[in-house]
Protein chains: 2
Amino acid sequence: MDVVAAAQGFAAMGSESRLEVLQTLVRAGDNGLPVGDIQLRTGIPGSTLAHHLKFLSSADLIVQDRQGRTIINQANYRHLQALAAFILEECCTDQEMGA
Amino acid sequence: MDVVAAAQGFAAMGSESRLEVLQTLVRAGDNGLPVGDIQLRTGIPGSTLAHHLKFLSSADLIVQDRQGRTIINQANYRHLQALAAFILEECCTDQEMGA
DNA sequence: CCATTATTTCGATAAATCTAGAAATATAGA
DNA sequence: TCTATATTTCTAGATTTATCGAAATAATGG
């Protein structure tokens, strides 16, 4: 995980609306959720939601998979875990003792 | 950690420049670093850096402490850890089994 | 092919953010 | 107090983002 990808990931989580969408998907588990269900649970209008889902998907935080005419959205747990790990990954590597 | 604070925290990490500044402080450990040192290590101009540090500090990601005429910046490890934990905290709580 | 459902793209406006030079502020020491 | 050092505030332009209605696209069933 390079700093560019990480920044993009955090930026995608850095909006209240989008973080709520992401949390909804994280809670939903491996089955994922269709766009319409997310719309119902969050109250976000379709066009706005599509915008946010695109943002999340560009950042690799979710995966979209078409099934017939609905689109299933799933949290990308691997990537999310990698981002969580990234935050403190290099903790204290430059720290000097004493002082 | 509520969703508002979390979104603010992730937004603060969601810029490449700012994430680099934060990483620099995470690496620096508990001793922290003066603004000038961060400036040297990152190459970011003073006024821009001050802006980013304020952003990070508003989001509670770093703590600033004046010592004489220099300002020591330290990563707020507690808060960073809480943010890392937040990401997958509620994983799968809504998941239904089978099918 | 037509109607229906699901989702996205278009378009436009408002708001927030990024950047950095110049000026201002704060502190310490001579 | 005068000077040097450290950092911030001011200011402003360029870029990005957020929002959402209306129109367009995609897929299904009759």
Side-chain angles (χ1 to χ4, degrees), chain A residues 3-25 28 31-76, chain B residues 3-25 28 31-76:
Chain A
V3 73
V4 177
Q8 193 183 1
F10 292 131
M13 294 194 259
S15 125
E16 215 176 303
S17 309
R18 241 173 357 240
L19 189 53
E20 264 158 23
V21 169
L22 182 64
Q23 275 209 295
T24 301
L25 291 176
N31 299 332
L33 285 177
V35 177
D37 279 30
I38 304 175
Q39 206 171 336
L40 285 177
R41 298 192 195 200
T42 61
I44 299 171
S47 58
T48 304
L49 184 54
H51 164 75
H52 286 317
L53 289 173
K54 193 155 132 189
F55 212 110
L56 289 167
S57 146
S58 298
D60 222 20
L61 265 47
I62 68 170
V63 174
Q64 301 194 290
D65 174 41
R66 173 152 237 144
Q67 293 210 355
R69 58 189 153 179
T70 80
I71 295 201
I72 304 296
N73 302 268
Q74 294 171 266
N76 184 351
Chain B
V3 73
V4 177
Q8 193 183 2
F10 292 130
M13 291 194 262
S15 126
E16 214 175 304
S17 309
R18 242 174 356 240
L19 189 55
E20 263 159 22
V21 169
L22 184 64
Q23 275 210 296
T24 302
L25 291 176
N31 300 332
L33 285 177
V35 176
D37 279 30
I38 303 174
Q39 204 170 335
L40 285 177
R41 297 190 196 200
T42 61
I44 299 171
S47 58
T48 303
L49 184 53
H51 164 75
H52 286 317
L53 289 173
K54 194 154 128 189
F55 212 108
L56 289 168
S57 144
S58 300
D60 221 21
L61 263 50
I62 68 170
V63 173
Q64 300 194 290
D65 175 41
R66 173 151 237 146
Q67 292 209 359
R69 59 189 153 177
T70 82
I71 295 201
I72 304 298
N73 301 268
Q74 292 171 267
N76 183 351

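Every chain is numbered from 1, with letters handed out A, B, ... down the list of sequences.
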Qualifying salt bridge (charged side-chain N to carboxylate O under 4.0 Å, His left out) pairs with a residue from residues 31-52 of chain B, counting only residues at least two apart or across chains |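 Matches after skipping sequence neighbours: A:D94-B:R41.
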Qualifying salt bridge (charged side-chain N to carboxylate O under 4.0 Å, His left out) pairs, either residue in residues 42-69 of chain A, two or more places apart |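 Found none.
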DNA chain C contacts among residues 17-25 of chain A, heavy-atom distance under 4.0 Å =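 Here the set is empty: none.
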For DNA chain C, what residues of residues 5-13 of chain A have any heavy atom nearer than 4.0 Å?
->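 Contacting residues: none.
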Mind checking side-chain hydrogen bond (donor to acceptor under 3.5 Å, both in side chains) for B:E16 and listing every partner two or more places apart, or none if nothing turns up?
->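 Residues passing side-chain hydrogen bond (donor to acceptor under 3.5 Å, both in side chains) with B:E16: none at all.
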Using the test side-chain hydrogen bond (donor to acceptor under 3.5 Å, both in side chains), find all partners of A:H51 that sit at least two apart in sequence or belong to another chain.
->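 Here no residue qualifies.
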Listed by chain and number, what are the side-chain contact (heavy atoms from CB on, under 4.5 Å) partners of [X], not counting sequence neighbours?
X: B:S47; answer: none
X: B:Q23; answer: A:V3, A:F86, A:E90, B:R27
X: A:A59; answer: A:Q8, A:A12, A:L61

Taking 5' to 3' order, which nucleotide of DNA chain D is first and which is last to have an atom within less than 4.0 Å of a heavy atom in chain A?
->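 The contacted stretch runs from D:dA18 to D:dT28.
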For A:N73 and A:Q64, indicate whether the former's side chain and the latter's backbone hold a donor-acceptor pair under 3.5 Å.
->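 Not confirmed, A:N73 side chain does not pair with A:Q64 backbone.
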Is the side chain of B:R18 donor-acceptor paired with the backbone N or O of B:A11 at a distance under 3.5 Å, no angle test?
->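 Indeed, once roles are kept as given, a pair shorter than 3.5 Å links the two residues.
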Euclidean distance, [Y] [atom2] relative to [X] [atom1], rounded to 0.5 Å:
X: B:L33; Y: B:I62; atom1: CG; atom2: CD1; value: 10.5 Å
X: A:N76; Y: A:L25; atom1: CG; atom2: CG; value: 11.0 Å
X: A:I38; Y: A:H52; atom1: CD1; atom2: NE2; value: 12.0 Å

Starting at the 5' end of DNA chain D and moving along, which residue's nearest nucleotide shows up first, A:S15 or A:G68?
->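 Here A:S15 is the residue nearer the 5' end.
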Round to the nearest Å and state the distance from B:H52 atom NE2 to C:dT19 atom P.
->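 Spelled out: NE2 on B:H52 to P on C:dT19 is 4 Å.
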Reading nucleotides 5-13 of chain C from 5' to 3' and marking B where a protein heavy atom lies under 4.0 Å of the base, S where only the sugar-phosphate is that close, and - otherwise, the string is BSSBB----
Residue pair B:I71 / B:L53, side-chain heavy-atom distance below 4.5 Å |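 No. Closest side-chain heavy atoms not under 4.5 Å.
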So do the side chains of B:S17 and B:T48 get within less than 4.5 Å of each other, counting heavy atoms only?
->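 The answer is no; the side chains never approach within 4.5 Å.
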Quick one: closest heavy-atom pair of A:I72 and A:N31, and the distance?
->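 Shortest heavy-atom contact: CG2-O, 3.6 Å.
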To the nearest 10°, let me know how far the axis at one end of the helix from C:dC1-D:dG30 to C:dA30-D:dT1 is tilted from the axis at the other, five pairs an end.
->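 Rounded value for the end-axis angle: 20°.
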